[in-house]
Amino acid sequence: MNDTSHEVAQGSHHLGGVAPTALSAHNIVKRFPGVLANDNVDFDVRAGEVHTLLGENGAGKSTLAAILCGLYQPDSGYLLRNGKPMHLSSPRAGLQHGIAMVHQHFRLVDRFTVSENVILGSRDLGFRLNRKEINEQVAAVAESFGLPIDPNAVVGELSVGQRQRVEIVKALYQGAEILLLDEPTAVLVPAEVEKLFDNVHSMTKAGKSIVFISHKLGEVVEISDRVTVLRNGRVTGHVSGKGTTDTRELARLMVGRDIELNAQRATHPIGHEVLQIRNLSLSINEVEVLSDVSFNIHAGEMVGIAGVAGNGQRELADTIAGLISPASGSITISGAMTTDRGPIQAREVGLAYVPEDRLGMGLVPSMSILDNLLLTRDRKVIVDRTSIRPEASRLIDQFEIKANGPDHLARKLSGGNAQKVLLARELSGGRSATKLLVVCSPTRGLDVGAIETVRSLLNDARSAGQAILLISEDLDEVMSLADRILVLYRGAVVHETPGATASLSTVGAAMAGLLENGGV
Amino acid sequence: MRLPIRVVFDQRGEAPKRLTALVPIVSVLAALFFGAIFLLATGYSPIDTYTNMFSDGFASSRGVTDTLALSTVLICTGIAAAFAFQMNIYNIGGEGQLYLGMIGGAWAGITLGDHLPSLIMVPLVLIFGALAGALWIFVPAFVRSRLGTSEIVSTLLLTYVASSLIDYVIYTPDSFFRNPNTSFPQGRLVSASAKLQSFGDTRLYPTIFVAIILAVVLYWVVKRTEFGYRINVIADSPKAAHYAGINAKRTTMSVMLISGALAGLGGAMLIVGPYGKIEPSIVNLGYGYAGIVIAALARNNLAAIVVSGILFAGLRVGGEKLQISTDTPIHIGVMLQGAILLFALGGEAFRRYKIRVVLVRAVTT
Amino acid sequence: MKMKHIKGFALAAVAAMTLAACGGSDDAASDTTAAAEAGADYSSLKVAVVYIGVPDDKGWTYQHEQGILSLESELGIEVKRVENVPEGDEAEAVMEELAAGGYNLIFATSFGYGTPMARVATKHPEGCFQWATGAKFLLTAEMGGEYATFGDIPANLGTYFGAAEEARYLSGIAAGKASPTGKLGYVAAFPIPEVIRGINAFTLGAQSVNPDATVQVSWTKTWFDPTIEKEASESLLDAGVDVLGMHQDTTAAGVAAEARGAKWVGYNSDVKEAAPAAWLTAPTWNWGPFYVQTAKAVAGGTCPSDEYYGSMADGMVTLASFGDSVDADTQALIAEKAAAIIDGSFAPFTGPVTDQDGNEVVAADVRPELLDLLGMSYFVKGVIGSPKG
């Protein structure tokens with residue numbers, strides 16, 4: 001099955017062989033109800049190269065990846081493995097052809113050890129497990145690709161980067177020759193991204209093929225041998241050669257127009273104090289998640305919170321929004337004490353909150369845009385939808401939300417449009433005019449076009465004199481937008497720096513906990 | 001060798017509107033078709049059977065009123081179930097709350113005496129029945145809303161307790177609810193002013209209007225009011241409710257108490273309607289459990305409960321009478337009822353998924 | 001599913017009327033026979049029976065079905081059966097449908113059919129309605145019914161039942177003889193006079209051959225639930241009883257006894273095959289003669305409106321065949337007692353009878369009034385358990 005002795009590359013886009021084509025897809029068409037996810041797509045990957053699938057959310061790259069690994073079957077088109085036709089009825093069939101997918105959301109059992117997770121799902125284990133032998137095998141596989149990992153470690157105790165490594169080792173252990181990495185950097189801090197890229201290089205050196213799926217232009221340019229760009233289910237460009245293209249060109253292929261990603265920090269006056277946080281501490285299940293946090297934000301100022309996920313950012317936002325009661329400390333919004341008063345009280349003095357979890361927390365998926373606008377407003381006993389309808393239509397226009405009108409269901413919105421609805425509601429004020437806007441990961445998962453819009457909306461809000469707390473795991477975003485940056489590590493503010501003069505390495509070190517005594 | 005075909009279930013993004021209306025109809029037709037095969041195989045004429053079942057349950061004047069009479073209590077237990085289900089609260093103890101409604105209604109009907117006019121007495125009996133139903137779900141509602149304890153188990157267990165309670169109040173020699181003049185376990189009759197007159201020669205009581213109006217009003221409450229808005233938010237996403245400052249505990253509590261009250265009301269309607277006293281045989285009729293099926297048939301749409309409740313009642317009445325109009329054994333009637341319900345519920349799959357059979361090309365590797 | 005034949009009587013003044021109506025079963029039998037023989041044309045007769053269960057339940061409904069079958073063969077007519085009819089309001093719909101459909105003799109085989117049947121009887125004076133296990137005075141307002149006085153109860157409504165206690169006494173003899181320990185058990189449905197009377201008769205029968213015999217009662221609060229009946233049986237067996245009697249509609253007690261090597265007295269039907277080794281005998285019903293007589297009377301233009309109370313003498317109450325373990329001596333003894341019951345020289349509750357507390361409830365050599373029997377609410381000495389459930 002893995003016979004590589006002869007190459008039969010019949011693809012129409014044969015690029016001349018540096019290495020034999022390991023896997024190719026031809027004329028792939030895949031429809032979902034109402035969507036043509038892949039429209040006559042061709043794709044191929046050679047042994048020993050990194051071929052990136054680049055595209056916005058909804059461009060069809062995940063669908064194509066799912067077809068390549070056997071998760072979906074194409075409506076038409078065919079796959080060749082080493083030049084021979086194959087039919088993949090399931091991911092297991094894909095694995096038999098040496099194709100494995102490392103999903104964005106890991107599929108590991110937290111309570112199992114690394115090697116238990118690695119062998120999970122392997123068929124030919126026999127009745128008894130020889131733990132020692134398996135540990136050795138797992139360690140050997142990991143070692144040979146420069147992925148050091150303790151086979152006996154319990155997965156639940158590993159960092160996100162380490163868990164990703166376990167997923168990769170698992171794929172390699174199962175004999176994968178072609179690895180599909182779905183948005184692998186989305187969950188990693190900068191240092192971990194570097195390590196991942198090292199691993200990718202050692203895998204390609206060993207002759208493995210990597211299909212890298214991403215929408216982050218910078219890293220795509222850095223890692224890829226070739227790039228295939230998808231837009232609306234079609235291939236809009238093939239680009240080959242490292243560094244031979246710039247991000248601007250790729251962005252144009254992705255979005256179909258020129259865009260400006262690095263919104264400028266506008267010069268603007270900083271006003272009076274809007275948010276004041278004093279000595280905020282919080283424990284959940286006896287674990288301290290916020291530890292003596294103090295800071296303030298002024299009108300027209302954007303404060304960015306940087307940090308690796310799980311260091312208290314979400315809890316900080318929820319606490320300010322009145323969803324969690326802190327163990328100690330105080331929160332004052334526009335001079336009114338809101339500690340412990342609940343979300344409605346906080347909103348009445350000017351809070352607006354865009355949570356990280358858009359659909360399911362910020363928006364009610366089964367409700368219309370109109371009803372979602374009512375979520376944080378005063379609704380009266382008999383809900384008055386008539387009077388808010390014109391405003392809903394106006395906001396849809398103003399925020400350029402792609403929807404069939406105010407009755408469009410939230411769950412049928414794309415990620416970017418859902419985020420726009422959320423921002424539209426929160427920026428337009430509800431129980432009072434918005435004075436403080438708390439936003440969490442406002443651009444996560446959005447396509448490039450939407451990211452541009454969302455960032456400029458935040459800039460506009462700041463210019464309009466709103467105080468903004470920007471919490472994001474996307475360090476670039478925080479660095480490029482915030483007037484002031486605070487780094488949260490294990491619930492404490494470990495570093496503070498003005499945005500304009502912030503150094504990536506110092507902030508990165510603070511995020512990794514290497515600066516605990518420095519900073520503030 | 002595998003068959004070269006596969007059945008593919010493609011999830012629909014959103015069920016088309018016309019399908020939502022069409023599926024129940026097609027489901028019933030499919031059930032009738034399935035039933036026809038069964039009838040033919042067992043030597044009965046499908047046409048005769050269906051004609052008679054339909055006319056016994058829906059078409060004849062006696063059939064219509066008998067069906068509506070039975071549907072009165074079924075609509076109550078149906079909206080009781082659906083009202084909670086739409087918030088993903090599974091009150092499956094409507095049966096027990098119905099018994100309590102009978103007990104509460106009987107208590108009011110006996111205690112409040114004869115001096116009150118019917119116009120006051122009947123509503124009081126209904127209110128006390130509803131209160132008793134709400135009381136019966138209070139503990140499950142409290143622990144569900146405060147501690148998140150599964151209401152499925154607690155409401156079901158309380159149904160068994162309620163069933164014992166009916167036995168207790170009827171079989172205990174000195175029970176308040178028992179006729180004191182006989183050692184025979186007979187329920188004590190409520191005062192005459194607590195009883196309604198049925199329409200003319202029929203067994204249908206004005207309570208049918210109360211049931212239908214309630215279903216429509218509750219439908220409106222859910223669609224149009226702040227309370228309904230809160231229910232919809234919590235149903236879809238408790239996190240969004242928390243985010244918006246909606247008190248989920250209080251709403252959960254209210255919804256469960258209302259659900260229990262509605263089932264209790266159904267029990268009280270039996271008091272002011274046909275029975276006038278606690279009938280121990282109520283524990284064999286399964287009106288509360290039927291409400292769960294009726295709610296599922298209506299896909300928890302409160303207004304649609306009126307239709308599914310009447311349909312269910314008609315099938316039951318028609319199925320029973322089928323033995324009279326034809327010689328079809330009761331098992332056939334029950335089987336047809338079951339098939340129609342099963343197909344109607346199974347039709348959901350067609351609404352949610354597009355089901356295709358595809359040919360798989362031969363694999364040559 | 002099966003709530004059914006509950007029987008009991010009040011000691012109220014109204015009962016006097018009832019007693020008069022109950023009269024002797026012989027009168028009723030001879031009246032109807034005479035009427036039927038006068039004209040043997042049954043073409044105008046349309047008979048229907050409303051069953052609480054299904055005819056193949058090997059219990060209560062099965063016995064009625066046997067009676068209906070004999071009615072059909074003897075009169076050469078077909079009877080409409082309506083099965084699994086729930087008691088209460090829905091039963092009224094069914095009976096109304098029957099009456100409107102021209103059925104002019106309708107039997108209803110469960111107690112809970114009383115009110116609906118009376119309502120339909122009122123609307124259809126042209127029909128004849130017979131309510132098994134019923135008692136018409138319970139339909140009066142004083143007793144919680146819908147008729148102001150006894151006289152308002154429709155005259156085209158009759159009731160029928162029988163003295164199962166006679167056969168229960170005899171089955172008690174078999175049980176007493178079969179028990180080495182003298183510890184008997186009884187799986188009982190509801191604490192109502194009918195059941196209490198049966199337990200007492202069974203106990204007195206057992207004590208007639210073993211004066212120290214005791215009967216431990218377990219209430220199931222259900223007529224028909226194999227699981228609960230089985231559990232109740234097993235808890236009695238665990239407590240050391242070696243013979244089970246019962247007042248239930250399934251054979252669960254028999255199966256439980258068979259599994260433990262104990263003995264069993266059944267009820268309703270001759271179902272030795274359910275538990276062949278455990279089987280002793282069973283009090284059973286023979287409804288055929290009543291159904292035939294009633295149908296003949298209605299064909300002759302008379303609707304019996306009395307309260308028929310059958311017995312071993314008229315054959316409505318019988319004893320099933322004996323199990324292999326019942327020896328010839330015991331069988332002879334039972335046959336002797338049965339003959340005495342039938343010729344009237346013996347009655348099960350002949351005094352002295354003392355209750356659980358040792359009070360004499362029936363004086364020596366006295367036979368209690370029928371009303372006293374029918375309203376019985378005490379347990380006799382030797383019964384373990386409470387008659388209040």
Side-chain angles (χ1 to χ4, degrees), chain B residues 56 60 62-63 65-67 69-70 72-73 163-164 166-168 170-174 178-190 192 195 201-203 270 273-286 313 316-317 319-325 327 329-331 333-334, chain C residues 1-4 6-12 14-15 48 51-52 54 80-94 96-98 100-101 103 110-112 115-116 119 123 135 137-138 140-146 190-193 219 221-222 224 374-377 387-389:
Chain B
D56 289 343
S60 70
R62 209 172 31 249
T65 56
D66 282 347
T67 293
L70 178 59
T72 305
V73 59
S163 168
S164 301
I166 289 275
D167 284 349
Y168 181 81
I170 287 300
Y171 292 108
T172 307
D174 302 323
R178 190 169 157 164
N179 186 306
N181 299 329
T182 167
S183 61
F184 208 95
Q186 285 248 91
R188 188 200 279 199
L189 215 57
V190 296
K195 281 269 289 151
D201 208 19
T202 72
R203 300 186 306 104
L270 294 175
Y275 293 122
K277 59 187 173 187
I278 295 172
E279 268 294 342
S281 61
I282 185 68
V283 301
N284 304 310
L285 301 182
R316 184 153 161 168
V317 168
E320 275 160 11
K321 291 188 183 172
L322 197 55
Q323 300 180 80
I324 302 170
S325 49
D327 269 329
I330 183 71
H331 308 295
V334 171
Chain C
M1 282 302 288
K2 319 252 157 73
M3 180 73 194
K4 42 143 262 203
I6 308 174
K7 178 71 178 184
F9 268 68
L11 305 172
V14 180
Y51 285 146
I52 185 73
V54 290
K80 167 67 75 180
R81 296 156 176 83
V82 194
E83 304 166 9
N84 260 344
V85 177
E87 290 173 317
D89 202 33
E90 287 171 72
E92 192 186 332
V94 166
E96 174 66 34
E97 191 77 18
L98 287 169
Y103 289 92
S110 186
F111 176 75
T115 302
R119 286 182 188 169
K123 280 188 206 165
F137 78 94
L138 289 169
T140 60
E142 186 173 4
M143 297 297 153
E146 297 180 340
F190 287 94
I192 57 171
W219 296 112
K221 304 279 175 80
T222 174
F224 187 100
L374 298 181
M376 191 175 278
S377 58
K388 294 185 175 182

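So you know, we letter chains A, B, ... as the sequences are listed, proteins then strands, and number each from 1.
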[Y] backbone acceptor or donor facing [X] side chain under 3.5 Å:
| X | Y | answer |
| --- | --- | --- |
| C/Asp89 | B/Pro274 | no |
| B/Asn181 | C/Met143 | no |
| B/Asn284 | C/Glu87 | no |
| B/Lys277 | C/Gly144 | yes |

To the nearest 0.5 angstrom, please state how far the [atom1] atom of [X] sits from the [atom2] atom of [Y].
| X | Y | atom1 | atom2 | value |
| --- | --- | --- | --- | --- |
| B/Ile170 | C/Phe190 | CD1 | CZ | 11.0 Å |
| B/Ser325 | C/Glu97 | OG | CD | 7.0 Å |
| B/Gln323 | C/Asn84 | CD | CG | 7.5 Å |
| B/Leu189 | C/Glu146 | CG | CD | 7.5 Å |
| C/Glu96 | B/Thr202 | CD | OG1 | 10.5 Å |

Toward chain C, the part of [X] with a non-hydrogen atom under 4.5 Å:
| X | value |
| --- | --- |
| B/Gln186 | side chain |
| B/Ile324 | both |
| B/Asp201 | both |
| B/Arg188 | neither |
| B/Arg316 | side chain |

With a 4.5 angstrom heavy-atom cut-off, which part of C/Arg81 approaches chain B: side chain, backbone, both or neither?
backbone
Can you tell which part of C/Lys80 gets under 4.5 Å to a heavy atom of chain B, answering side chain, backbone, both or neither?
side chain
[X] to [Y] - nearest heavy-atom pair and separation:
| X | Y | answer |
| --- | --- | --- |
| B/Tyr171 | C/Pro191 | CB-CG, 4.3 Å |
| C/Pro86 | B/Leu285 | CB-CD2, 3.2 Å |
| C/Ala93 | B/Lys321 | O-CE, 3.8 Å |

Verify side chain to side chain contact (heavy atoms under 4.5 Å, CB included) between C/Glu90 and B/Leu70, making sure each step is shown before the conclusion.
CA-CA 8 Å; C/Glu90 287 171 72; B/Leu70 178 59; 3.8 Å; yes
Chain C contacts, top residue of B/Val317, B/Thr172, B/Asp167 (heavy-atom pairs, under 4.5 Å)
B/Asp167
